Amino acid sequence: MTILKKSLIAVLLFCNVCANAQSEKQIIVQTQHVSLVFTIGKNDRVYQSYFGKRLLNTADYAQLNGTSHEAYITGGMEDQFEPAIKVTHADGNPSLELKYVNTTSSHTGDDITETVINLKDPKYPVEVALHYQAFDKEDVIKAWTEIKHDEKTPLLLTNYASAMLHFDAKKYWLTHYHGDWATEMKMEEDELTTGNKIIDSKLGTRADMYEAPLFMLALNKQADETSGEVIAGSLAWTGNFQFQFEMDEHNSLRVISGINPVASEYHLDAGKTFTTPAFIFTYSNEGKGQASRNLHKWARSYGIVDGTKPRMTLLNNWENTGFKFDENELVALFDDATKLGVDLFLLDDGWFANKYPRNNDKAGLGDWEENNAKLPHKIEYLVKQAEAKGIKFGIWLEPEMVNPKSELYEKHPDWILKLPNRDENYQRNQLVLDLANPKVQDYVYSIVDNMMTNNPGIAYIKWDCNRTMSNTYSPYLKDKQSQVYVDYTLGLYRVLDKVRAKYPHLLMMLCSGGGGRTEYGALKYFTEFWPSDNTDPLERVFIQWGYSNFFPSITISAHVTQWSKQASIKYRTDVAMMGRLGYDINVKKMTDAEVQFSKQAIKNYNRLNDVIWYGDLYRLISPYEEDRAVLMYVNETKSKAVLFNYFLNVRYKAQFNTVKLQGLDPKKNYKVEETNMMDGIKSNFNDSGKVYSGDYLMTVGLNLASGRILPQTSNVIEITQQ
Ligand code: DGJ
């Protein structure tokens, strides 16, 4: 069917709804289980009249009595709470009124319906289009806004939200995810009270270091994994974001999501369209678990690069060698990679720059040619050597940054973000390049393009970003400094668009000094992200649990390292196996038993990875509630599942109940078998090899804690339909 025909059908469907006498003024955005309904008031303004579980009968929406919450509130008029949009016109008038023009609806994919509500100001030539893409099977809605005008001089945008949502619940519980370097994604849940709660970032680059652009909002009562109404929201923006939760005196809540209005005034030229980033959200009335599964499904199909294709296991050298290595040592590490049986070797920081060699983090950033002392035969030689040993080769880049001690800094001082008349302010001895400048965008693109052109065998890039923005001033933007944070991010997207146009399937990790970039705006260009430099498995249980609320395991890079002085190789490996497994370890220092275990674990992972990467995640026991975490992944046909059980620092003789599994077919029989076992490490699971019905496993459960539990022990259990 042609796209045109599909669009026509969609318009007709939309009009069917319109044809109903009472509902002719309604616009319905819906997925399989969720609907978002708008009503056009007599005053021609558009109101949100419903958001929640999809009603069985479309005709019932006509009963909704909803013109109290304007869908996209404008600043400067009669509404005195926070607006979604606020502008100042060419004549200085600081107000906007938005009236309904029309709606278009079209199928933009088999599973996707896009509804566009067009609005305009009756007095000023300003138009706003509210876009809602509904992903039917995933129950996800992606919302964004387009703003354009035809005034004589630029329109000043001070607030320009991606979307606004309204709620009328008895109570609201907000979970947000905050932290710092090495303590990312700490979950905190609080009841909202009257007034404003803001979750935001003002860090520019490495924007999510303290706070990720992710939230869960439970309505009426606290949601748990399997019950309660919950909205999971995420802003796809690699820069400063803001979620604003404003509860008024009538207990109504408005949630405004978008680019942080702080330090972001934007001068929009006539005829140009400003497109906000997307706010991606889902609704579940079956708790947080379902909300996460919706987002995971959406992400694999639409949110990341090649989300339904395989990934590679790897050996990284950062934790092992740091900056100290040469090509002979690296080639010897390739042997370690093949010994373990991983697919790829990833060369990290420290391989570049000659005038100011990159032997520590004080110099060389920006000078992307091989260091002659370390790599006399260039990267080309390393790629060939890796290939000869049967593995692929990947490389680390930090293309957006510069050390003052570099040739790039000497040649292009005007390419750097820094305040005139002030001292330079460093983080990790480096500064940020001015990606608002198209010349700098070209340069940053050329770093990747040259690398790939000279070394087409490279199979993986780790893209790092190790500082936030401070003392920020763009030499390129001149008198439009308030746009620097926004134009930087748009500049970064221009670069990444070009990279992906030329290298559509290259594996790329999004990294930012640990987990400083963890959002779907950048992830649409990447295949995975680095969640945290903290790879102590005990910490990772919490960190990965947090990320699992929004990101599927295929996106979460998880490496076995030597961070922990206590944890066994088995515990470290079992924890890393719930993500994209890799190693960043000195293999030569491992015992024979550890190497043997790891080789077998990689084989096990390769056998189970399709369930872990593409399966449905059920979080069974939270590490925030007990001294253990239990999670399981179930494949689509419910024929195979993998369960991970991680004990934390448990007390002597701690008691643990049996664990009820989820997501299986009650009518099927399953064999449960422990895998990834290691000689000398006792298991607390005594029922390996037994067969149970899915009904039994989900109603009675498994005892995963027989006998005395030792701290930091774990099990991987394979559950196979018989
Ligand atoms: C920060 C990253 O998170 C690390 O994994 C490593 O790549 C270093 N940067 C290298 O400088």
Side-chain angles (χ1 to χ4, degrees), residues 179-185 203 205-210 212 238 314-325 330 333 344-353 356-368 371 374 393-403 405-406 426-432 447-448 451 458 460-468 507-519 522-523 526-537 539-540 543-544 547 555-564 572 576 579-586:
D180 197 347
W181 177 79
T183 62
E184 292 88 345
M185 284 302 269
L203 305 180
T205 41
R206 207 180 176 185
D208 313 336
M209 184 168 68
Y210 299 140
T238 318
L314 59 83
L315 177 66
N316 190 187
N317 69 313
W318 175 246
E319 296 283 330
N320 178 11
T321 65
F323 295 96
K324 272 180 98 177
F325 54 81
L330 292 177
L333 294 181
L344 180 137
F345 179 85
L346 169 61
L347 173 58
D348 216 285
D349 196 353
W351 57 266
F352 49 92
Y356 304 104
R358 180 76 171 169
N359 291 328
N360 50 48
D361 63 18
K362 294 192 175 59
L365 211 51
D367 300 345
W368 298 103
N371 177 274
K374 289 180 186 173
F393 184 82
I395 197 149
W396 178 96
L397 296 170
E398 192 178 3
E400 300 159 69
M401 300 284 162
V402 60
N403 281 131
K405 245 178 139 183
S406 69
Y426 306 124
Q427 287 173 21
R428 212 193 188 208
N429 313 299
Q430 65 195 56
L431 294 163
V432 184
I447 298 169
V448 182
M451 177 62 70
I458 287 180
Y460 184 103
I461 282 179
K462 175 175 178 181
W463 182 300
D464 209 344
C465 164
N466 278 295
R467 63 157 296 168
T468 65
L507 293 172
M508 280 181 31
M509 180 210 273
L510 171 64
C511 174
S512 184
R517 280 181 170 169
T518 51
E519 47 73 39
L523 263 180
F526 288 82
T527 44
E528 60 188 61
F529 69 95
W530 185 236
S532 175
D533 281 346
N534 190 341
T535 46
D536 179 323
E539 301 280 332
R540 273 291 182 124
I543 292 171
Q544 293 172 189
Y547 285 116
T555 61
I556 301 176
S557 328
H559 293 176
V560 177
T561 73
Q562 274 139 338
W563 258 61
S564 166
R572 284 178 272 157
R580 195 277 295 132
L581 175 67
Y583 290 77
D584 193 352
I585 197 165
N586 186 340

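As the structure lists them, so they are numbered: ligands from 1, and atoms in each ligand from 1. Here the structure is a predicted model, which means the values were calculated and not measured. Residue numbers start at 1 and run along the sequence shown.
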**Request:** Check the pair R206, E519 against salt bridge (charged side-chain N to carboxylate O under 4.0 Å, His left out), reporting the backbone distance first and the verdict last.
**Result:** CA-CA 11 Å; R206 207 180 176 185; E519 47 73 39; over 6 Å; no
**Request:** Could you go through the salt bridge (charged side-chain N to carboxylate O under 4.0 Å, His left out) check for K462 and D348 one step at a time?
**Result:** CA-CA 8 Å; K462 175 175 178 181; D348 216 285; 2.8 Å; yes
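Taken from CD1 in I458 to CD1 in I395, the straight-line distance is 5.0 Å, to the nearest 0.5 Å.
Between F345 and L330 there is a side-chain heavy-atom pair separated by less than 4.5 Å.
Taking the six-membered ring where tryptophan is involved, the planes of F352 and W396 are essentially parallel, since the angle between them stays under 30° and well short of 60°.
Sorted by chain then number, the residues whose non-hydrogen atoms approach ligand 1 to under 4.0 Å are W318, D348, D349, W396, R428, K462, D464, N466, C511, G513, G514, W530, D533.
E539 has no carboxylate O lying under 4.0 Å from a charged side-chain N of R572, or vice versa, which leaves the two without a salt bridge.
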